[in-house]
Amino acid sequence: MKQGNVLLIGRPNVGKSTFLNNVIGQKVAITSPKPQTTRFAIKAIYQNEKGEIIFIDTPGIMKKTEDNLSEKINKKTLQALNEEVDVALYMIDHTRKRDFEEARVLGLVRQIKKPKILVINKIDIQEKSYLPQYKFLEEEFPDVFQISALKKLHIKPLIDRVFQLLPEVKEDKKTKNLNPYPVLNLDAKNFIAELIREKVFLMMGEEIPYTTTAIVDEISERENGVMYIKARILTNNERYKGMLIGAKGRKIKEIGSYARKEISLATGKKVYLDLTVEVDPHWVEIYL
Ligand SMILES: Nc1nc2c(ncn2[C@@H]2O[C@H](COP(=O)(O)OP(=O)(O)OP(=O)(O)O)[C@@H](O)[C@H]2O)c(=O)[nH]1
Ligand SMILES: [Mg+2]
């Protein structure tokens, strides 16, 4: 069988995590239209009759910025590049112009001395395209695939090609995944915290997600079979806390209810989510 590590790399928002989820067939990485939704490398396993792929989804590399959050997140991607990689998927979004950020990612991709595939994502969008700006890349990358991660278009030929490029290993090397889900490097608490953070990314305006993180303190099963989860959203100042709570606590209720429904669906259990908002100006240093 074939087996290996496949790195997903690209600018923020190109659709790396959407691709991962749709290949695996369930949500393993959170997604949103906001940049650097992914904050650390996520490893998830995909298996079929040909073998197995350990995908490493990374945070999109951002332009150098002053705040230490994005620098810290960028570092996580740089670390992932130093891990053992058998194939790299360099994903681009043809609906966005090529720019300095893209050049920076390309520079990193060039340092990877392993087979690489250029993946042009979002081909379901036709109206707005800068594809000619990316044409020159086709000389550098022998393998080019145009896909739609969201609409699941042309994914199979890409996966087939990945398997061709992966090394052959003996059947007994098969990964024994003890997790109940395909994510290899997140436990239940961290996974649920990610789902909560996704709702903050989806339901709050531009700046707030970057000032927040989510922490799950407790998961326990109550006698009546209800899964009790105690979680906190941390933000770095009082003003954001107020916005997260909303008038009469409406916003936090909305975030909680949306998160609870998804956790319930994912676990097949009734969920009680005790969600609060706290100010912690040092969460980046502590939790990332
Ligand atoms: N139309 C369209 N939208 C897509 C496609 N793939 C992803 N998106 C959207 O693009 C946005 C970003 O997707 P993500 O999967 O979070 O992107 P990412 O590359 O993981 O981003 P970071 O984690 O921030 O680096 C989301 O709103 C997705 O729904 C696609 O094939 N077509
Ligand atoms: Mg992502």
Side-chain angles (χ1 to χ4, degrees), residues 6-44 55-63 65 67 69-81 88-96 99 101-102 104-106 108-109 117-131 134 144-159 182-183 185-186 190-191 193-195 197-210 212-214 262 288:
V6 174
L7 183 80
L8 286 163
I9 183 163
R11 273 201 288 182
N13 246 321
V14 297
K16 300 176 293 298
S17 303
T18 303
F19 172 80
L20 179 65
N21 292 340
N22 279 339
V23 168
I24 303 254
Q26 74 183 74
K27 187 187 284 184
V28 290
I30 64 169
T31 66
S32 91
K34 300 199 172 76
Q36 285 193 332
T37 302
T38 304
R39 282 184 176 165
F40 49 87
I42 296 204
K43 294 181 190 174
F55 281 106
I56 306 166
D57 179 19
T58 61
I61 291 277
M62 290 241 271
K63 287 191 284 263
T65 46
D67 68 295
L69 175 63
S70 67
E71 267 321 289
K72 239 180 148 171
I73 297 174
N74 280 352
K75 275 204 191 109
K76 309 254 176 191
T77 299
L78 300 180
Q79 281 163 8
L81 289 179
L89 301 188
Y90 169 33
M91 189 173 281
I92 63 165
D93 176 353
H94 73 99
T95 70
R96 269 160 66 203
D99 61 3
E101 197 174 71
E102 189 68 67
R104 187 170 176 206
V105 178
L106 179 58
L108 291 172
V109 170
I117 299 177
L118 176 66
V119 179
I120 301 169
N121 190 29
K122 308 198 185 180
I123 55 132
D124 55 294
I125 303 175
Q126 298 278 310
E127 312 80 57
K128 190 175 154 219
S129 177
Y130 297 94
L131 206 52
Y134 296 95
V144 183
F145 287 82
Q146 299 200 2
I147 68 159
S148 167
L150 189 69
K151 301 273 156 71
K152 300 185 209 170
L153 299 174
H154 313 306
I155 303 231
K156 188 170 182 300
L158 169 57
I159 297 298
V183 201
N185 63 337
L186 278 185
N190 287 318
F191 186 63
E194 283 289 277
L195 292 179
R197 193 167 65 78
E198 180 184 66
K199 306 312 173 227
V200 175
F201 268 65
L202 293 173
M203 299 171 94
M204 299 301 297
E206 267 312 306
E207 83 265 44
I208 294 186
Y210 308 106
T212 65
T213 197
E262 186 165 338
L288 212 78

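The residues of the chain are indexed from 1 along the displayed sequence. Remember, it's a predicted structure, so these values are computed and weren't measured experimentally. Just follow the structure's listing: the first ligand is 1, and inside any ligand the first atom is 1.
- Thr31 and Ser17 are not linked by any side-chain donor-acceptor pair at a separation below 3.5 angstrom, with hydrogens and angles left out of the test.
- Among protein heavy atoms, atom 15 (O) of ligand 1 sits closest to Thr18 OG1, 2.5 Å.
- When heavy-atom distances to ligand 1 are checked against a 4.0 Å cut-off, Thr38 comes that close through both its backbone and its side chain.
- Between Asn21 and Ala29 the shortest heavy-atom distance is ND2-O, 2.7 Å.
- Between Ile92 and Tyr130 the shortest side-chain heavy-atom distance does not fall below 4.5 Å.
- Here is the list of ligand 1 atoms found below 4.0 Å of a heavy atom in Pro35: 24 (O).
- Across Leu150, Ile30, Thr31, heavy-atom proximity to atom 29 (O) of ligand 1 is greatest for Leu150.
- At least one N or O atom of Gly15, backbone or side chain, sits closer than 3.5 Å to an N or O atom of ligand 1.
- Considering backbone and side-chain N/O atoms, Asp57 never comes within less than 3.5 Å of an N/O atom of ligand 1.
- Residue contacts with ligand 1: Gln36 is included, with a non-hydrogen atom under 4.0 Å away.
- The closest side-chain heavy-atom distance from Phe40 to Glu194 is below 4.5 Å.
- Closest to atom 26 (C) of ligand 1 among all protein heavy atoms lies Ser32 O, 3.7 Å.
- The single protein non-hydrogen atom nearest to atom 6 (N) of ligand 1 is Asn121 ND2, 3.2 Å, given as residue, atom name and distance.
- The backbone and the side chain of Val14 each have at least one atom closer than 4.0 Å to an atom of ligand 1 (non-hydrogen atoms only).
- Protein-derived N/O/S atoms nearer than 2.8 Å to the Mg ion (ligand 2) total 2, waters excluded.
- Remark: ligand 1 and Ala149 share an N or O pair separated by less than 3.5 Å (distance only, no angle test).
- Residues Asp57 and Phe19 have side chains not in contact (no heavy-atom distance under 4.5 Å, counting atoms from C-beta outward).
- Of the protein's heavy atoms, Lys122 CE, 3.7 Å lies nearest to atom 4 (C) of ligand 1.
- Closest of all the heavy-atom pairs between Arg11 and Glu101 is CD-OE1, 3.0 Å.
- Regarding atom 11 (C) of ligand 1, its nearest protein heavy-atom neighbour is Asn13 OD1, 3.3 Å.
- By the 4.5 Å heavy-atom criterion applied to side chains, Arg39 and Thr213 are counted as neighbours.
- Using a 4.5 Å heavy-atom threshold, the side chains of Leu69 and Tyr210 count as touching.
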N/O donor-acceptor pairs under 3.5 Å from side chains in residues 146-155, not counting sequence neighbours:
unit_1: Ser148; atom_1: OG; unit_2: Asp124; atom_2: OD1; d: 2.9
unit_1: Ser148; atom_1: OG; unit_2: Lys151; atom_2: N; d: 2.9

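- Each of the atoms 25 (O) of ligand 1 lies under 4.0 Å from some heavy atom of Gly60.
- The backbone N or O of Pro209 sits nowhere less than 3.5 Å from a side-chain atom of Lys34 that would complete a donor-acceptor pair.
- Asn121 is not listed as a side-chain neighbour of Asp93, based on a closest heavy-atom distance of 4.5 Å or more.
- Taking both residues in full, the closest heavy atoms of Asn74 and Arg104 are given as ND2-NH1, 3.5 Å, listed atom of the first, atom of the second, then distance.
- The distance from ligand 1 to the heavy atoms of Ile125 drops below 4.0 Å at these ligand atoms: 1 (N).
- Between the side chain of Thr58 and the main chain of Leu8, a donor-acceptor pair closer than 3.5 Å is present.
- The nearest heavy-atom contact from the protein to atom 1 (N) of ligand 1 is Asp124 OD2, 2.9 Å.
- Looking at ligand 1, you won't find any N or O of Thr58 less than 3.5 Å from one of its N or O atoms.
- Pairing each heavy atom of Ala80 with each of Ile56, the nearest pair is CB-CG2, 4.3 Å.
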